[in-house]
Amino acid sequence: MREEEKKRSSLKNFFRKRWVFPAIYLASAALLISTIFWYQTAGKNTADKPNLTEESKELTGMNDDTVVEVNQSLENVSVPVKNEEKVEYITQFFDADAAAEEQEAALIVDGNKYRPNMGVDIAMKDGSEFEVIASLSGKVTAARNDSLLGNVIEVEHENGVKTIYQSVKDMQVKSGDTVKQGQKLATSGTSQFNKEAKNHLHFEIRKDNTALNPLDFFGQPFTAFEKVDNETADTDKQEDASGETEQNPAAGESNQQETEVEKDVQSEETDAEKDNQSQETDTDEDGQSSQMTDE
């Protein structure tokens, strides 16, 4: 009993001291402030993360356009139509190294001339109109009305690559627009340049002004353009090289036939001249012999 009383008396003496209660108050206040500060700091770090991300975009110059360009490198070149199984290629790309028959099939009639096709002509199997979509993401650099070519849309991409859409109508974009792969650009139409194709889309792919065969790149990654030989002749040189095909392909045979006929005519004329000369010679000899006989 005495020990318990001693303990109680010691506690009472402890709390009677002047500094005990202020010390307890200060310790409690410090603990409370520390708890509040920790809670606010943890919440602030969580809330500030999105802001830090946005600031980092501004510092690095990243924006929506940059994201489009980065994603473009991961795209595969697609056919510029929605229903690929319902279309056909009515005119192929003119390849200077292809066989004569293939080259002839890749010529476009232009009045009295045959011009090489620098792209592919796509049409629905039933001849109906169809939506023309972007083959790749990029920036529209031209969207102009053209009565001869049937209106033209040009879209620029990375590394000097450009896609061209001709013979279209109801254009949905204008110069300066940014388009995404698969976005509708226009509707197929007709052109005065290739009337025989009727309703169709003329589609071209060029790299550094070099016309490429789109069929070689459909379904291929965009990085496939990096493998294109930079020493390949540009489009102007390709057209110059095919200048001989701008006339009727059968002209060669007809020219050859005309040459043979001319040779035959010339040989006949030569033979006739020889016969005339021989007759004149015979006549002169007969005249001289008759004169000698009279004498």
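Predicted model, so just to flag it, every value in this text is computed and none were measured.
- For Lys195, the side-chain hydrogen bond (donor to acceptor under 3.5 Å, both in side chains) partners are Gln192, not counting sequence neighbours.
- Checking side-chain atoms of Ser34 against main-chain N and O of Ala30 turns up a donor-acceptor pair under 3.5 Å.
- Looking at Ser175, its side chain does come within 3.5 Å of a backbone N or O of Thr141 through a donor-acceptor pair.
- A donor-acceptor distance shorter than 3.5 angstrom exists from the side chain of Gln103 to the backbone of Asp95, with no hydrogens or angles considered.
- Taken together through direct or relayed side-chain contacts under 4.5 Å among Ile, Leu, Val, Met, Phe, Trp and Tyr, Val228 and Val155 form part of one hydrophobic cluster.
- Residues Val179 and Val140 are in side-chain contact: their nearest non-hydrogen atoms beyond the backbone lie under 4.5 Å apart.
- In this structure, Ile205 and Val77 have side chains that are in contact, with non-hydrogen atoms separated by less than 4.5 Å.
- To the nearest 0.5 angstrom, Thr91 atom OG1 is 13.0 Å from Phe93 atom CZ.
- Interatomic distance, Phe217 CZ to Leu136 CG, rounded to the nearest 0.5 Å: 11.0 Å.
- To the nearest 0.5 Å, atom CG of residue Asn159 and atom CD of residue Glu156 are 11.0 Å apart.
- Residue His202 comes nearest to Gly119 through the heavy atom pair CE1-N, 3.9 Å, listed as atom of the first residue, atom of the second, then distance.
- Counting only heavy atoms from C-beta outward, the side chains of Val173 and Gln183 approach each other to under 4.5 Å.
- Formation of a donor-acceptor pair under 3.5 Å by the Asp208 side chain with backbone atoms of Thr210 is not found in this model.
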Determine, stepwise, if the pair Asn199 / Ser188 fulfils side chain to side chain donor-acceptor pair (under 3.5 Å). CA-CA 6 Å; Asn199 189 282; Ser188 62; 2.7 Å; yes
Verdict with reasoning, Ile153 to Met171, per side-chain contact (heavy atoms from CB on, under 4.5 Å): CA-CA 8 Å; Ile153 298 175; Met171 293 184 289; 3.6 Å; yes
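- Taking 4.5 Å as the limit, every side-chain heavy atom of Leu201 sits out of range of all side-chain heavy atoms of Ser167.
- Nearest heavy-atom pair, Ala211 versus Arg206, reported as atom, atom and distance to 0.1 Å: CA-CG, 4.1 Å.
- There is a path of hydrophobic side-chain contacts, each under 4.5 Å, that joins Ile122 to Leu212.
- Using a distance-only test at 3.5 Å, with no hydrogens or angles considered, no donor-acceptor pair links the side chain of Asn83 to the main chain of Glu85.
- Under the 4.5 Å side-chain heavy-atom criterion for Ile, Leu, Val, Met, Phe, Trp and Tyr, Val81 and Ile90 are members of distinct hydrophobic clusters.
- Scanning all heavy atoms of the two residues, the minimum distance from Tyr165 to Pro80 falls at CE2-CB, 3.8 Å.
- Taking CD from Glu154 and CD from Gln166, the interatomic distance works out to 8.0 Å, rounded to the nearest 0.5 Å.
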Glu196/Ile108 under side-chain contact (heavy atoms from CB on, under 4.5 Å): CA gap, chis, key distance, verdict: CA-CA 9 Å; Glu196 294 184 358; Ile108 299 176; over 6 Å; no
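- Partner Glu204 forms a side-chain contact (heavy atoms from CB on, under 4.5 Å) with one of Thr163, Ile164, Val120 and no other, that one being Ile164.
- Atom CZ of Phe218 and atom OH of Tyr89 lie 5.0 Å apart (nearest 0.5 Å).
- Here the straight-line distance linking atom CD of Glu226 with atom NZ of Lys207 works out to 8.0 Å at 0.5 Å rounding.
- Side-chain atoms of Asn151 come within 3.5 Å of backbone atoms of Asp146 as a donor-acceptor pair (strictly under, hydrogens ignored).
- Judged purely by atom type and a 3.5 angstrom limit, Lys86 has no side-chain atom pairing as donor or acceptor with the backbone of Phe130.
- Contact check on Lys82 versus Glu131 returns a salt bridge, with a Lys/Arg side-chain nitrogen under 4.0 Å from an Asp/Glu carboxylate oxygen.
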Show your reasoning for whether side chain to side chain donor-acceptor pair (under 3.5 Å) applies to Glu75 and Ser137. CA-CA 8 Å; Glu75 293 176 348; Ser137 300; 2.5 Å; yes
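- Partners of Phe193 under the ring-ring contact (aromatic ring centres under 6.0 Å, His included) rule, at least two apart in sequence or in another chain, do not exist in this structure.
- Ring geometry for His157 versus Phe222: interplanar angle over 60°, hence perpendicular rather than tilted (30 to 60°).
- There is no path of hydrophobic side-chain contacts, each under 4.5 Å, that joins Val152 to Val161.
- Of the possible donor and acceptor atoms, one in the side chain of Gln181 sits under 3.5 Å from a partner among the backbone N and O of Asn76.
- Between Gln220 and Asp216, the shortest heavy-atom contact is CG-O, 3.6 Å.
- Cluster membership for Leu185 and Leu149, using ILVMFWY side-chain heavy atoms within less than 4.5 angstrom, is not shared.
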